[in-house]
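Notes to accompany the following structure.
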Amino acid sequence: MPNVPFLDLKAQQQRIAADLRRRLDAVLAHCQFVLGPEVAELEEALAAFCGAQHCVAVSSGTDALQIALMAEGIGRGDAIFLPAFTYTATAEVPLVLGARPVFVDVDPGTFQIDPAHLEARIAGVKQAGRLRPRALIGVDLFGQPANWPALSAIAAREGLFLLDDCAQSFGAALHGARLGRQADATAVSFFPSKPLGAYGDGGALFTESPARAALYRSLRTHGEGATRYEVLRAGMNARLDSLQAAVLLAKLTVFEGELYRREQIARYYDSELGDAVVIPARVPDSVSAWAIYSILLPDRSTRAHVQEALRHHDVPTAIYYPKPLHHQPAYRDHHDGTPLPVSEGLAERILALPIHPDLSEDQAKYVCAQVLEALA
Ligand SMILES: *Cc1c(COP(=O)(O)O)cnc(C)c1O
């Protein structure tokens, strides 16, 4: 029985061992541990990778989101539209800044924010008149891009700041363009389990605006000005470590190959499982970073049965997300009660299978065989 890790960071480490060691040793030699030369090199490499004008490396994906909203002065009385079916960080940041997350339902096939429901939610907030519509956070969920042409058009029409929560999906592309410049700002996470992961927390912001990039640099270092002890505004301590940048630079050299490998596994899962379960619908004309490959089972009890059967055969699975955010204790009281039936239904039926660049053909075959057997 093959041992199938949900993620295999050890195998990946072995592939990049020599380059990784060389880069880590360089940091240990110069001892500029925070915002050292590796960070500047990484920012340039990441911007080139996704075709963005500016990249500002920060301490996490969550901090990237927070800096982007702080730079717009978002706070009390502001409505921030975002999907209900996402990781908590997307909604946490507006709430921490005193703004109100307004939850929007998602597309049942691609799991991405539903532009038609977004329009209805914006109209509802305008009509109620208590909150000022200020920003829209589109999330590229599980590796696939959100519907950026639709989101951009709505944001432009409504005068909303458009933020791309690309925490899970760096490396993905839409209509031939890598994610990184589809919105006013794009936030990426380098948490170890993301497609491009560090060996600790890390993140980055991308923007086409030089003014925003300068503001992000100031905000990540306590709101500093042209010199270190000139304080222009209240900011954060959200800098990236040189060691993390060194890890990311080593991983970036193999990243395209890893994306290709993830795509191959996704296609294999599609072909083996497509007749037995609902496989993830593809966003048209896009490339996914395949952070997560999730199938849909008919109902909660079938999912529980399949998950237990897989566990019994040493196939790890995960549920992203067992509860839509508007049902979480942290957000319940901030939600206006609007039903979000697609998000609620997905939370009951969704199940993520192992997908990572070091998953072998035998392991992928074994995963599929066990899923099919559980459903037989
Ligand atoms: C992981 C994640 C974040 C937060 O990134 P961190 O680096 O863990 O702070 C934000 N949004 C989404 C959708 C995520 O998956």
| field | Whether over 12 other heavy atoms sit under 6.0 Å from Glu308 CD | value | yes
For Arg220 and Val56, the nearest pair of non-hydrogen atoms, with its separation, is NH1-CG1, 3.6 Å
Between Lys194 and Ser189 the two heavy atoms that sit nearest each other are CE-OG, 3.4 Å
- Task: Start with the C-alpha distance between Asp358 and Arg15, add both sets of side-chain angles, then the distance that settles salt bridge (charged side-chain N to carboxylate O under 4.0 Å, His left out), and finish with yes or no.
- Result: CA-CA 10 Å; Asp358 293 285; Arg15 280 192 282 112; 2.8 Å; yes
Using only heavy-atom distances, determine whether the side chains of Glu38 and His30 contain a donor-acceptor pair under 3.5 Å. yes
(message) Are Val106 and Leu82 connected into the same hydrophobic cluster when the rule is that any two of I, L, V, M, F, W, Y join if their side-chain heavy atoms are below 4.5 Å apart?
(response) no
Are Leu35 and Leu205 connected in the hydrophobic side-chain network, where two residues link if heavy atoms are under 4.5 Å apart? no
| message | For a 4.5 angstrom cut-off between non-hydrogen side-chain atoms, does Pro83 reach Phe111? | response | no
Report task. List the steps, then state whether ring-ring contact (aromatic ring centres under 6.0 Å, His included) holds for Phe170 with Phe206. Result -> CA-CA 11 Å; Phe170 186 68; Phe206 297 92; 5.6 Å; yes
Would you tell me whether Ser343 and Tyr321 have side-chain atoms, one donor and one acceptor, within less than 3.5 Å of each other?
no
Worksheet item: Quick one: do the Tyr293 and Asp270 side chains pair a donor with an acceptor below 3.5 Å?
Response: yes
Just by modelled atom types, is the Asp184 backbone N or O under 3.5 Å from a matching donor or acceptor in the Thr207 side chain? yes
* Asked: Are there more than 12 heavy atoms of other residues, nucleotides or ligands under 6.0 Å from atom CD of Glu230?
  -> yes
Q) So, Arg282 and Ser288: side-chain donor and acceptor under 3.5 Å apart, yes or no? A) no
Could Arg121 and Phe103 be counted as a cation-pi pair, given that NZ or CZ must be under 6.0 Å from the ring centre and within 45° of the axis? no
Exercise. Do the side chains of Pro5 and Lys10 get nearer than 4.5 Å, heavy atoms only?
Worked result: no
A quick test of your reading: do over 12 heavy atoms of other residues, nucleotides or ligands sit less than 6.0 Å from CZ of Arg22? yes
**Prompt:** Are any non-hydrogen side-chain atoms of Leu375 and Leu297 less than 4.5 angstrom apart?
**Reply:** yes
Note: Tyr87 and Leu325 closest approach over all heavy atoms is O-CD1, 3.8 Å
The reported gap from CG in Leu310 to OH in Tyr366 (rounded to nearest 0.5 angstrom) is 9.0 Å
Heavy-atom nearest pair, Asp201 first then Ser60, reads CB-CB, 4.4 Å
- Are the side chain of Tyr269 and the backbone N or O of Leu353 linked by a donor-acceptor pair below 3.5 Å? no
From the list His334, Arg332, Glu344, side chain to side chain donor-acceptor pair (under 3.5 Å) partner of His326 resolves to Glu344
- Item | His356 and Glu258: CA distance, side-chain angles, deciding distance, side chain to side chain donor-acceptor pair (under 3.5 Å) verdict | CA-CA 8 Å; His356 58 79; Glu258 294 187 340; over 6 Å; no
Under 4.0 Å between a Lys/Arg side-chain N and an Asp/Glu carboxylate O for Arg262 and Glu256? no
Shared hydrophobic cluster for Met236 and Val39 (ILVMFWY, side-chain gaps under 4.5 Å):
no
| request: Could you check if a side-chain atom of Lys251 sits within less than 4.5 angstrom of a side-chain atom of Ile16, using non-hydrogen atoms only? | output: yes
>> Looking at Glu119 and Arg157, is there a salt bridge between them, counting it only when a charged N and a carboxylate O are closer than 4.0 Å?
In response: yes
Nearest heavy-atom contact between His117 and Thr338 is NE2-CG2, 4.3 Å
Residues Gly171 and Phe255: closest non-hydrogen pair is CA-CE2, 4.0 Å
Q: Would you please say whether a donor-acceptor pair under 3.5 Å links the side chains of Thr317 and Gln307?
A: yes
For this session: Determine, stepwise, if the pair Arg178 / Phe49 fulfils side chain to side chain contact (heavy atoms under 4.5 Å, CB included).
Result: CA-CA 8 Å; Arg178 283 228 164 95; Phe49 188 88; 3.5 Å; yes
Under a side-chain separation threshold of 4.5 Å, the hydrophobic residues clustered together with Ile154 are Phe81, Val102, Val104, Ile113, Leu118, Ile122, Val125, Leu131, Leu136, Trp148, Leu151, Leu160, Leu162, Leu174, Leu179, Val283
Determine, using the 4.5 Å side-chain heavy-atom cutoff (strictly less than), whether Val58 and Leu249 are members of one ILVMFWY cluster. no
How about Asp275: does its CG atom have over 12 heavy atoms from other parts shown lying under 6.0 Å from it? no
Pair Ile355-Leu359, side chain to side chain contact (heavy atoms under 4.5 Å, CB included): steps then yes or no: CA-CA 7 Å; Ile355 187 164; Leu359 194 78; 5.5 Å; no
Whether Arg303 and Asp299 form a salt bridge (side-chain N of Lys/Arg under 4.0 Å from carboxylate O of Asp/Glu) is what I want to check.
no
Looking at Gln244, is its backbone amide N or carbonyl O close enough to the side chain of Asp241 to form a donor-acceptor pair, meaning the two atoms are under 3.5 Å apart? no
| Would Glu263 and Arg267 pass as an ion pair if we require N to O under 4.0 Å? | yes
Margin query: Between Lys126 and Glu158, does any side-chain N to carboxylate O distance fall below 4.0 Å?
Written below: yes
Exercise. May I ask whether Val278 and Ile319 are part of the same hydrophobic cluster, defined by side-chain heavy atoms of I, L, V, M, F, W, Y residues being less than 4.5 angstrom apart, directly or through others?
Key: yes
Evaluate Tyr331 against Leu95 for side chain to side chain contact (heavy atoms under 4.5 Å, CB included), listing each step before the verdict.
CA-CA 9 Å; Tyr331 303 111; Leu95 199 58; 3.8 Å; yes
Next on the checklist: Would the distance check show the side chain of Ser242 and the main-chain N or O of Gln32 forming a donor-acceptor pair, the cut-off being under 3.5 Å?
Outcome noted: yes
task = Examine distances only and state if a side-chain atom of Tyr268 and a backbone atom of Cys368 form a donor-acceptor pair shorter than 3.5 Å.
result = no
Q.
One thing to verify: whether Arg212 and Glu72 come together as a salt bridge, which I'm taking to mean a side-chain N less than 4.0 angstrom from a carboxylate O.
A. yes
Practice item. With side chain to side chain contact (heavy atoms under 4.5 Å, CB included) as the test, would you mind laying out the steps for Arg23 and Val27 before giving the verdict? Key: CA-CA 7 Å; Arg23 289 183 183 275; Val27 178; over 6 Å; no
